[in-house]
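Okay, structure first, notes after.
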2 protein chains.
Amino acid sequence: MMKWDTLDEEQCSLSRTVAVVGDRWTLLILRECFLRVRRFEAFQSSLQITRHLLSERLKKLVRFGILRRVPYSEAPKRYEYILTQKGLDLYPIIMAMVHWGDTHMGDERGRPLLHEHKTCGKLFDPVMVCSECGEVLHAKQVHVHSGPGRKEAVG
Amino acid sequence: MMKWDTLDEEQCSLSRTVAVVGDRWTLLILRECFLRVRRFEAFQSSLQITRHLLSERLKKLVRFGILRRVPYSEAPKRYEYILTQKGLDLYPIIMAMVHWGDTHMGDERGRPLLHEHKTCGKLFDPVMVCSECGEVLHAKQVHVHSGPGRKEAVG
DNA sequence: AGGCTATAGTTCTAAAATAGAACTGTCAAA
DNA sequence: TTTGACAGTTCTATTTTAGAACTATAGCCT
């Protein structure tokens with residue numbers, strides 16, 4: 001039995017991430033965040049998520065410090081949800097998923113969204129590289145070592 | 001109401017990806033795959049997933065072409081599960097999640113695993129860059145356009 | 001031959017999560 | 001004073017997941 005409510009205390013970094021963003025709705029909510037959606041009604045109508053679940057997920061994302069709940073109106077008190085730096089740092093995950101979907105789950109209509117890099121002005125794909133040598137990363141070229149935070153089993 | 005069983009036919013690339021890998025166990029199973037785990041009992045004992053769910057998830061990953069079910073013994077017939085190219089291409093997603101966990105969900109013990117890039121011999125972090133200019137990608141430097149496969153709403 | 005072990009599942013019931021719809025409360029504008 | 005927008009909460013029904021037990025094949029040991 002895996003206890004999902006304490007999964008963020010696991011020794012494995014992937015488990016900890018999965019504890020926070022490892023469900024369908026959370027990932028779709030985050031996509032909307034990166035598309036500048038910020039308000040409850042906007043999330044709800046664009047995703048067709050039930051209000052109950054949306055409320056739960058937003059609370060959870062706030063609890064984990066991924067979104068901030070910021071008032072945008074006094075009287076009546078209303079709030080919007082804005083990505084923190086911790087949330088913005090999820091961008092590579094979202095982009096990697098979008099790119100995999102484009103590559104492997106596409107259909108004849110072509111991709112729904114194109115991404116322009118403002119810095120260079122071109123349409124791009126995200127590429128994952130090695131921080132040390134800058135080469136494109138492939139699973140088979142990576143060797144895994146135990147780090148300091150590991151007990152014994154696979155972490 | 002979101003129909004998860006046909007989510008892979010959605011217009012949004014993220015939805016399509018989420019349809020396949022957007023649940024906790026699937027992501028953890030894939031991590032094990034990248035750590036060279038291949039057999040039912042090995043997945044089960046290292047993840048403590050129920051046998052029922054493991055069976056379901058493996059079937060689904062095979063159905064989507066992410067794993068291949070390869071016989072490794074006749075009499076009795078036994079199979080192991082091996083990443084296809086489509087599955088190997090999920091590596092950036094898994095690595096991005098591991099790296100985010102290391103960065104934002106770590107504890108005082110340090111990271112559980114370290115990654116060595118065989119090509120350059122160094123311990124590295126994964127970095128997401130622009131395919132066109134090679135610069136590190138940040139959400140705020142990306143502008144999103146409609147592509148050919150988009151209907152009208154946000155996709 | 002009879003029993004033990006390993007592997008890869010399937011089946012069953014109970015508990016938990018999600019879907020779907022309706023309801024609440026606050027305030028502004030008509 | 002009524003309507004509408006917004007941001008939720010509450011309720012029941014359905015679906016999914018957890019946990020445990022069971023099945024099936026075959027090798028090995030005595």
Side-chain angles (χ1 to χ4, degrees), chain A residues 1-8 10 15 18-30 32-33 36-64 67-82, chain B residues 1-8 10 15 18-30 32-33 36-64 67-82:
Chain A
M1 158 241 36
M2 178 81 71
K3 52 283 176 242
W4 295 115
D5 50 334
T6 56
L7 194 55
D8 53 312
E10 287 273 311
S15 297
V18 160
V20 185
V21 302
D23 79 283
R24 290 151 136 81
W25 284 122
T26 298
L27 288 162
L28 295 174
I29 289 167
L30 287 167
E32 297 301 301
C33 292
R36 275 77 177 175
V37 171
R38 304 176 153 204
R39 298 188 183 174
F40 191 94
E41 295 296 321
F43 287 112
Q44 202 280 318
S45 69
S46 92
L47 292 173
Q48 297 299 103
I49 183 176
T50 66
R51 308 176 76 76
H52 176 59
L53 256 287
L54 176 57
S55 176
E56 292 288 308
R57 290 295 184 273
L58 290 173
K59 272 181 207 155
K60 182 175 165 188
L61 288 168
V62 169
R63 183 152 36 82
F64 277 112
L67 298 177
R68 254 178 319 130
R69 189 158 171 270
V70 180
Y72 72 90
S73 142
E74 308 290 324
K77 274 264 187 200
R78 296 204 194 293
Y79 300 88
E80 54 189 6
Y81 296 88
I82 302 190
Chain B
M1 156 243 34
M2 178 80 69
K3 50 281 175 249
W4 296 115
D5 49 333
T6 56
L7 194 54
D8 53 312
E10 287 273 309
S15 297
V18 160
V20 186
V21 302
D23 79 281
R24 291 151 135 78
W25 284 122
T26 299
L27 288 163
L28 295 174
I29 289 167
L30 287 167
E32 296 300 301
C33 292
R36 274 79 177 174
V37 170
R38 303 174 154 207
R39 299 188 181 173
F40 192 94
E41 296 296 320
F43 287 111
Q44 202 280 318
S45 68
S46 93
L47 292 173
Q48 297 298 104
I49 183 177
T50 66
R51 309 176 75 75
H52 177 60
L53 256 283
L54 177 57
S55 176
E56 292 288 309
R57 290 296 183 271
L58 290 173
K59 273 181 206 156
K60 182 174 165 189
L61 289 168
V62 169
R63 185 152 35 82
F64 277 111
L67 298 177
R68 255 177 319 131
R69 188 157 172 272
V70 180
Y72 71 90
S73 141
E74 307 292 321
K77 275 267 185 198
R78 297 204 193 293
Y79 299 88
E80 55 188 7
Y81 296 89
I82 302 190

A:Arg24 CZ to C:dA17 C1', straight-line distance once rounded to whole Å: 13 Å
Could you state the atom-to-atom distance from CG of B:Leu67 to P of C:dA8 in whole Å? 14 Å
How long is the span from the OG1 atom in A:Thr50 to the CH2 atom in A:Trp25, to the nearest 0.5 Å? 7.5 Å
For atom CG of A:Leu7 and atom C1' of C:dA16, their distance in whole Å: 16 Å
For B:Leu47 and D:dT17, what is the distance between atoms CG and P respectively, to the nearest whole Å? 15 Å
Specify the separation, in whole Å, of atom CG of B:Asp23 and atom C1' of C:dA16. 15 Å
Look at A:Trp4 and D:dA18 and indicate whether a side-chain polar atom (N or O) is within less than 4.0 Å of OP1 or OP2. yes
Please report, rounded to the nearest Å, how far the C1' atom of D:dT16 is from the CD1 atom of B:Ile49. 13 Å
Would you compute the distance between atom CZ of B:Arg51 and atom CZ of B:Phe43 and round it to the nearest 0.5 angstrom? 13.5 Å
Inter-residue atom distance B:Leu47.CG - A:Ser15.OG, 0.5 Å rounding: 8.0 Å
In chain order, what residues pass the salt bridge (Lys or Arg N to Asp or Glu O under 4.0 Å) check against B:Glu80, with sequence neighbours excluded? B:Arg38, B:Arg39
Could you list the residues that satisfy salt bridge (Lys or Arg N to Asp or Glu O under 4.0 Å) with A:Arg68, not counting sequence neighbours? none
Nearest-Å distance for atom pair CG/P, residues B:Leu53 and C:dA17: 14 Å
C:dA19 phosphate, OP1 or OP2: any side-chain N/O from A:Trp25 under 4.0 angstrom? yes
Roughly how far, to the nearest 0.5 Å, is NZ of B:Lys59 from CZ of B:Arg63? 9.5 Å
Considering every strand and a 4.0 Å limit on heavy-atom distances, what is the contact class for B:Arg57: base, sugar-phosphate, or nothing? sugar-phosphate
How many angstroms lie between CD1 in A:Ile29 and NZ in A:Lys60, if you round to the nearest 0.5 Å? 10.0 Å
Which whole-number value in Å describes the distance from B:Arg38 CZ to C:dG9 P? 16 Å
Any chance you could measure A:Phe40, atom CZ, to A:Ile49, atom CD1, to the nearest 0.5 Å? 8.5 Å
Identify all pairs in which a protein N or O lies below 3.5 Å from an N or O of nucleotides 8-11 of chain D, and state each distance.
residue : atom : partner : partner atom : Å
D:dG8   : OP1  : A:Arg69 : NH2          : 3.0
D:dG8   : OP2  : A:Tyr81 : OH           : 2.7
D:dG8   : N7   : A:Arg51 : NE           : 2.8
D:dG8   : N7   : A:Arg51 : NH2          : 3.0
D:dG8   : O6   : A:Arg51 : NE           : 2.9
D:dT9   : OP2  : A:Ser55 : OG           : 2.7
D:dT9   : OP2  : A:Lys59 : NZ           : 3.2

Considering all heavy atoms, the nearest A:Thr26-A:Val20 contact: CG2-O, 3.6 Å
List for me each residue that meets side chain to side chain donor-acceptor pair (under 3.5 Å) alongside B:Gln44, sequence neighbours excluded, and say none if there are none. none
Listed pairs, N/O of protein and of nucleotides 13-15 of chain D, under 3.5 Å:
none

Do any N or O atoms of the protein come closer than 3.5 Å to N or O atoms of nucleotides 24-30 of chain C, and which pairs are they?
none

Taking the side chain as C-beta and beyond, is there a heavy-atom pair between A:Arg57 and A:Asp23 under 4.5 Å? yes
